Amino acid sequence: MRQRPRGSGAEPLFFLDYFATGGLEPTVAAEVIKGISHGCEIAGCALIGGETAEMPGLYAKGEFDLAGFSVGAMERGTGLPDPEQSVKAGDAIIGLASNGVHSNGYSLVRKIIERSGLSLDDMAPFAPSDSLGTALLAPTRIYVSACLDAVKSGDVRAFAHITGGGLLENIPRVLPDGLGVALDGSKWTAHPVFAWLQDEGGVNDMEMSRTFNCGIGMIAIVPADRVDAALATFTASGETATHIGQVIASPGSSVQIDNLQAAFGRG
């Protein structure tokens with residue numbers, strides 16, 4: 001049996017950060033900490049401290065390295081069930097909308113920007129009111145509150161956060177052997193950044209699905225008879241939630257995505 005990381009359903013309590021740079025620039029550090037604090041506020045946890053390290057010679061001027069971790073807790077017996085035992089063929093897949101690229105695929109994003117000939121200060125073709133840099137660096141949506149509400153409701157069997165590896169590599173991490181998922185792109189509407197990235201970079205659907213979240217930042221697996229209740233819970237928590245597919249029998253735990261172009265507003 002494969003060992004996979006999986007969500008626990010724990011509530012985050014506190015966060016600690018690590019900020020390393022060649023030479024501390026107070027205004028930059030202040031902006032970084034401000035962003036971290038805002039993220040912690042959204043997630044409902046406390047920023048209780050961290051580490052700031054100056055390493056001249058290791059980092060070039062203007063460069064910094066940022067990392068962090070959180071600690072959570074839950075009452076025994078109140079977390080998510082083991083997906084190896086709970087996820088079944090026929091279960092429904094609910095997708096929570098992303099608000100952009102989030103924090104993955106930026107090596108490819110930089111190559112696409114280079115190919116486009118645009119600078120980060122130019123207006124974003126997919127968001128004319130913002131510069132390209134501002135639009136591409138929209139803060140990742142944080143789903144903690146909505147996911148905790150869904151866990152408490154008892155409607156969810158598993159979550160998969162769509163991070164590095166995109167839809168194709170993250171969803172199988174919470175699937176038992178012999179099960180996969182079938183998704184229908186016509187069921188959701190992706191942020192327009194993805195159509196721009198695909199067109200400008202000439203990226204095929206497979207690579208888009210393996211690199212980016214393609215408009216879905218989190219998926220929840222729920223029993224088929226609990227879809228409406230789960231959708232109501234996520235919507236009440238402020239998320240755009242959509243029934244986008246189902247769990248199917250699949251020897252290779254594959255992720256099938258039909259009509260991805262529809263999610264990008266085409267076809």
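This is a predicted model, so every value here is computed, not measured.
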Running the 4.5 Å side-chain criterion over Ile, Leu, Val, Met, Phe, Trp and Tyr, what cluster does Met74 land in, apart from itself? none

Checking side-chain contact (heavy atoms from CB on, under 4.5 Å) for the pair Val32/Leu66: CA distance, chi angles, key distance, verdict? CA-CA 9 Å; Val32 170; Leu66 183 65; 3.8 Å; yes

Does this structure show an ion pair linking Asp199 with Arg266, if we count only N-O contacts that are shorter than 4.0 Å? yes

Looking at side-chain heavy atoms only, is the closest gap between Ile48 and Leu16 below 4.5 Å? yes

Leu167 side, atom CG; Ser209 side, atom OG - distance, nearest 0.5 Å: 6.0 Å

Asn170 (side chain) donor-acceptor with Gly164 (main chain) under 3.5 angstrom: yes

Checking His243 side chain against Gly245 main chain: does a donor-acceptor pair fall under 3.5 Å? yes

Rounded at 0.5 Å granularity, tell me how far CG in Asn104 sits from NE2 in His102. 9.0 Å

Val227 with Leu96, same ILVMFWY side-chain cluster at under 4.5 Å: yes

Using atom types as modelled and distance alone, determine if a side-chain donor or acceptor of Ser153 lies under 3.5 Å from a backbone N or O of Ala150. yes

Ile171 to Leu175 - nearest heavy-atom pair and separation: O-CG, 3.5 Å

Do Leu47 and Ser37 come within less than 4.5 Å of each other through their side chains, counting heavy atoms only? yes

Would you name the heavy atoms of Ile94 and Ala230 that are closest together and state the gap between them? CD1-CB, 3.6 Å

Ile142 reachable from Phe234 in the ILVMFWY side-chain graph, under 4.5 Å edges: no

Between the side chain of Thr21 and the main-chain N/O of Glu63, is any donor-acceptor distance below 3.5 Å? yes

State, with a plain yes or no, whether a side-chain heavy atom of Cys147 is found less than 4.5 Å away from one of Phe159. yes

Side-chain heavy atoms of Ser107 within contact of Arg110, under 4.5 Å: yes

When you look at Asp258 and Leu183, which way does the side-chain contact (heavy atoms from CB on, under 4.5 Å) test go after all the steps? CA-CA 6 Å; Asp258 293 326; Leu183 306 180; over 6 Å; no

One should read off an interatomic distance between Thr233 OG1 and Leu231 CG, to the nearest 0.5 angstrom, of 9.0 Å

For a 4.5 angstrom cut-off between non-hydrogen side-chain atoms, does Phe212 reach Val193? no

For residues Gln246 and Asp91, is any side-chain donor paired with an opposing acceptor at under 3.5 Å? no

Testing the basics here: between Gly217 and Tyr143, what is the closest heavy-atom pair and its distance to 0.1 Å? CA-OH, 3.3 Å

Correct closest heavy-atom pair for Pro12 and Leu148 would be CD-CD1, 4.3 Å

Under a 3.5 Å cutoff, is there a donor and acceptor pairing between the side chains of Gln198 and Glu207? no

Of the non-hydrogen atoms in Val87 and Leu179, which two are nearest, and what is the gap between them? O-CD1, 3.6 Å

When you compare the side chains of Ser250 and Ser253, does any donor N or O come within less than 3.5 Å of an acceptor on the partner? no

Any salt bridge linking Arg115 with Glu200? Criterion: basic side-chain nitrogen under 4.0 Å from a carboxylate oxygen. no

Any non-hydrogen side-chain atom of Val109 less than 4.5 Å from a side-chain atom of Leu136? yes

Pair Glu11-Val144, side-chain contact (heavy atoms from CB on, under 4.5 Å): steps then yes or no: CA-CA 8 Å; Glu11 180 177 357; Val144 170; 5.9 Å; no

Separation of Asp184 CG from Ile244 CD1 (nearest 0.5 Å): 9.0 Å

Linked, directly or transitively: Met206 and Val181 (ILVMFWY side chains, under 4.5 Å): yes

Quick check for you: to the nearest 0.5 Å, what is the distance between Arg173 atom CZ and His161 atom NE2? 11.5 Å

Could you note down all residue pairs passing ring-ring contact (aromatic ring centres under 6.0 Å, His included) where residues 60-91 supplies at least one of them, sequence neighbours left out? Phe19-Phe64

Side-chain donor/acceptor pairs under 3.5 Å, residues 116-129, sequence neighbours excluded:
| residue | atom | partner | partner atom | Å |
| --- | --- | --- | --- | --- |
| Ser116 | OG | Ile113 | O | 2.7 |
| Ser116 | OG | Leu118 | N | 3.1 |
| Ser119 | OG | Asp121 | N | 3.3 |
| Ser119 | OG | Asp122 | N | 3.4 |
| Ser119 | OG | Asp122 | OD2 | 3.4 |
| Asp122 | OD2 | Ser119 | N | 2.8 |

Would you say Ser131's side chain and Thr134's backbone share a donor-acceptor pair under 3.5 angstrom? yes

Determine the minimum heavy-atom distance between Arg141 and Glu239, stating which atoms define it. NE-OE1, 2.7 Å

Take Cys214 and Leu260 through the side-chain contact (heavy atoms from CB on, under 4.5 Å) test and state the conclusion after the steps. CA-CA 8 Å; Cys214 295; Leu260 183 61; 4.3 Å; yes

Count I, L, V, M, F, W, Y as connected when their side-chain heavy atoms are under 4.5 Å apart, and connections chain through other members. Are Leu24 and Ile33 then in the same cluster? yes

Compare all side-chain heavy atoms of Tyr106 with those of Leu137 and state whether any distance is below 4.5 angstrom. yes

Measure the CG-NZ distance between Leu197 and Lys111 for me, rounded to the nearest 0.5 Å. 15.0 Å

Using a 4.5 Å cut-off on heavy atoms from C-beta on, say whether the side chain of Thr189 contacts that of Thr240. no

Asp149 and Ser237 side chains, donor-acceptor separation under 3.5 Å: yes

